[in-house]
Amino acid sequence: MKRAVSARWARRAVRQGCFYASTTTTSSSPEAAASERWDGRFRLYKPRGQHLLTNPRVLDAIARRAAIGPGDAVLEVGPGTGNLTARLLASPASRVAAVEIDPRMVDAVTARAAALGLADKLTVIAGDAVEVDFPEFDVCVANIPYGISSPLIAKLLFGAYRFRAATLLLQKEFARRLAAAPGDGEYNRLAANVRLVADVRLLMDVSKRDFVPMPRVDSSLVEIRPRAVALGVDLGEWLEFTRACFGQKNKTLGAIFKQKRMVMELFSRSQRAEERDGRAGAVSLSALDDGTDEDGCGKDDDDGDRAAAGCSGEEVAAFKDRIAGALESAELAGKRPSKLSNDELLRLLRLFNERGVRFR
C-alpha cells in the first residue's frame, strides 16, 4: 500500500536534515553522519522495540552484506524512519516492500522515499509483520524487535515464501542461539529447528550505542539462507519432537523419555494420532522456539494421565518398551540432545514413528 505525502512535508524534512540526502556521500563524512540523526519529531517507544539504527557505517555495511542484485525484489521488515530503506532504494533492487506497524513510521519512510525521488520504487505495507501476507521477494532485510524475532523467522522459513537470503539484525544473545552448532554450549531447540531448513551465518556485531534510543544490549547481524531441499519429515511432528528433546536438554535422551509424565503424554498423543488415521493437524509456527530450554514437554498439557486412565498397565508398559527400543536401535539413549546433529535426531524420530510413537 502506497501512502501519499505532501511535497511541503517532504521539503520541510529535507531542510531539517533528517533524510539521507545523497547515496553518493561517503559514510565517513560529517554530512552523512548528521543525516541519520534522530530529530525527535515524535516519541519512540522502547517497550515496542523502536530503536533506530543511526550509524551510517553500520547502515552501509548492512546494505552491502545483503548482496542485493540487479532486479531483486527486497522485503524490509520494520523500516522505522527509513535510514536503511534509503540505502535499499539506492541499491540495484527493482523494488522494495517495507512492512511497518506504526502509522507515524509509515508516514516518515514514505516521505523519505519521496524526498529522494524514489517513491515509485517503494511500497509500504501498514500492518503487523507476523500477521500480514508478504509480497514475493528475493532478499529480506530487517532490524527486528526482539519480541517478534522467533515468529518472524518461523514465518520466513516455514511459510510459503521462496527467497535467496535474509539479512537480519537481532539481539546479540538471540543471534548466538540462532547460529549455534551441535556441541556448542548455546545449542538449543531454536537452532535445531532452523538448521532443518536453512544455513545461518553470523556476519558482524553492532553496538547498542549505534541506536536511538539506546537499547540495553548489543545486536548482531546474521545471514539466513534457505536450503533447496525437501524436508522429508512432518513439520508439526518435528517441532513437537524437538520440544520434547530440548525441554530438558542437559539430560540424556534415555532419562528424558523414561519419565512417567513423558511416557503418558506420548501415549496419549499416539492414541490421538491413530484416531486421526494419518490426517495431519494444523502446525503452529510459534512453536519454533519457546524462549527457554527447560521443562518444555507437557508443561501446558496435563491431559496425558486422563487420556491414558482407561488403558491397562500392560498397554502403557508395552508402549514404554517401544520408546526404549527406538532409543536402543538408534544407540542414542546415553546422548544429550544438545550434542546431536539433525541427522541423528531425524533418525530417532523415524524410529519412534515406526514403533507407533507419535509426537502430535
Side-chain angles (χ1 to χ4, degrees), residues 5 9-10 12-66 68 74-91 96 98-116 118 122 124 129 140-149 167-175 203-222:
V5 179
W9 200 101
R12 178 166 63 89
V14 172
R15 287 197 302 271
Q16 291 174 342
C18 60
F19 291 144
Y20 187 73
S22 172
T23 59
T24 59
T25 302
T26 59
S27 60
S28 59
S29 68
E31 292 82 6
S35 68
E36 308 300 345
R37 290 175 186 162
W38 172 236
D39 64 1
R41 62 188 181 276
F42 54 77
R43 181 182 177 186
L44 298 172
Y45 297 105
K46 291 177 68 173
R48 298 181 188 175
Q50 291 184 338
H51 300 277
L52 304 182
L53 180 60
T54 59
N55 186 324
R57 292 187 181 86
V58 176
L59 289 160
D60 289 343
I62 293 174
R64 184 174 62 252
R65 297 275 194 156
I68 300 168
V74 178
L75 173 71
E76 183 184 12
V77 178
T81 57
N83 285 350
L84 181 57
T85 314
R87 289 156 170 83
L88 302 179
L89 290 170
S91 76
V96 176
V99 182
E100 176 58 58
I101 194 171
D102 190 327
R104 305 169 307 164
M105 301 290 190
V106 172
D107 289 338
V109 72
T110 311
R112 189 158 189 174
L116 293 170
L118 295 171
L122 176 68
V124 181
C140 176
V141 184
N143 173 18
I144 315 173
Y146 176 66
I148 68 166
S149 297
T167 305
L168 310 178
L169 190 59
L170 306 165
Q171 188 185 65
K172 187 174 181 178
E173 179 186 356
F174 183 89
L203 299 179
M204 66 180 189
D205 293 332
V206 178
S207 171
K208 60 186 177 182
R209 296 179 179 83
D210 293 328
F211 294 85
V212 175
M214 187 174 71
R216 287 183 291 181
V217 297
D218 294 330
S219 298
S220 295
L221 189 69
V222 303

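Taking 4.5 Å as the limit, some side-chain heavy atom of P56 sits within range of a side-chain heavy atom of R87. Looking at heavy atoms from C-beta onward, E173 lies out of side-chain contact with V217 at the 4.5 angstrom threshold. Side-chain contact check for F211 versus S219: some heavy-atom pair is nearer than 4.5 Å. Taking the side chain as every heavy atom from C-beta outward, T110 and E100 never approach each other to under 4.5 Å. Taking 4.5 Å as the limit, some side-chain heavy atom of L52 sits within range of a side-chain heavy atom of T81. In this structure, the side chains of R209 and N55 stay at 4.5 Å or more apart for every pair of heavy atoms. For the pair S220/M204, no side-chain contact is recorded, criterion being any heavy-atom separation below 4.5 Å from C-beta on. Using a 4.5 Å heavy-atom cutoff, the side chains of L53 and L59 are in contact.
Distance check: L169 CG to D205 CG gives 10.0 Å after rounding to the nearest 0.5 Å. Distance check, rounded to the nearest 0.5 Å: SG of C140 to CG of L75 gives 4.5 Å. The CG atom of L116 sits 10.0 Å away from atom OG1 of T85, with the distance rounded to the nearest 0.5 Å. To the nearest 0.5 Å, the span separating NZ on K208 from NE2 on H51 amounts to 11.5 Å. Between atom CZ of residue R65 and atom OG1 of residue T167 there is a gap of 9.5 Å, rounded to the nearest 0.5 Å. How far OG of S91 is from CZ of R64: 13.5 Å, rounded to the nearest 0.5 Å.
Of all heavy-atom pairs between L122 and A113, the closest is CD2-CB, 3.6 Å. The nearest pair of heavy atoms linking V99 to P79 is O-CD, 3.2 Å.
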message: Walk me through whether L84 and V141 qualify under side-chain contact (heavy atoms from CB on, under 4.5 Å).
response: CA-CA 9 Å; L84 181 57; V141 184; 3.5 Å; yes
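There is a side-chain donor-acceptor pair under 3.5 Å between N83 and R112.
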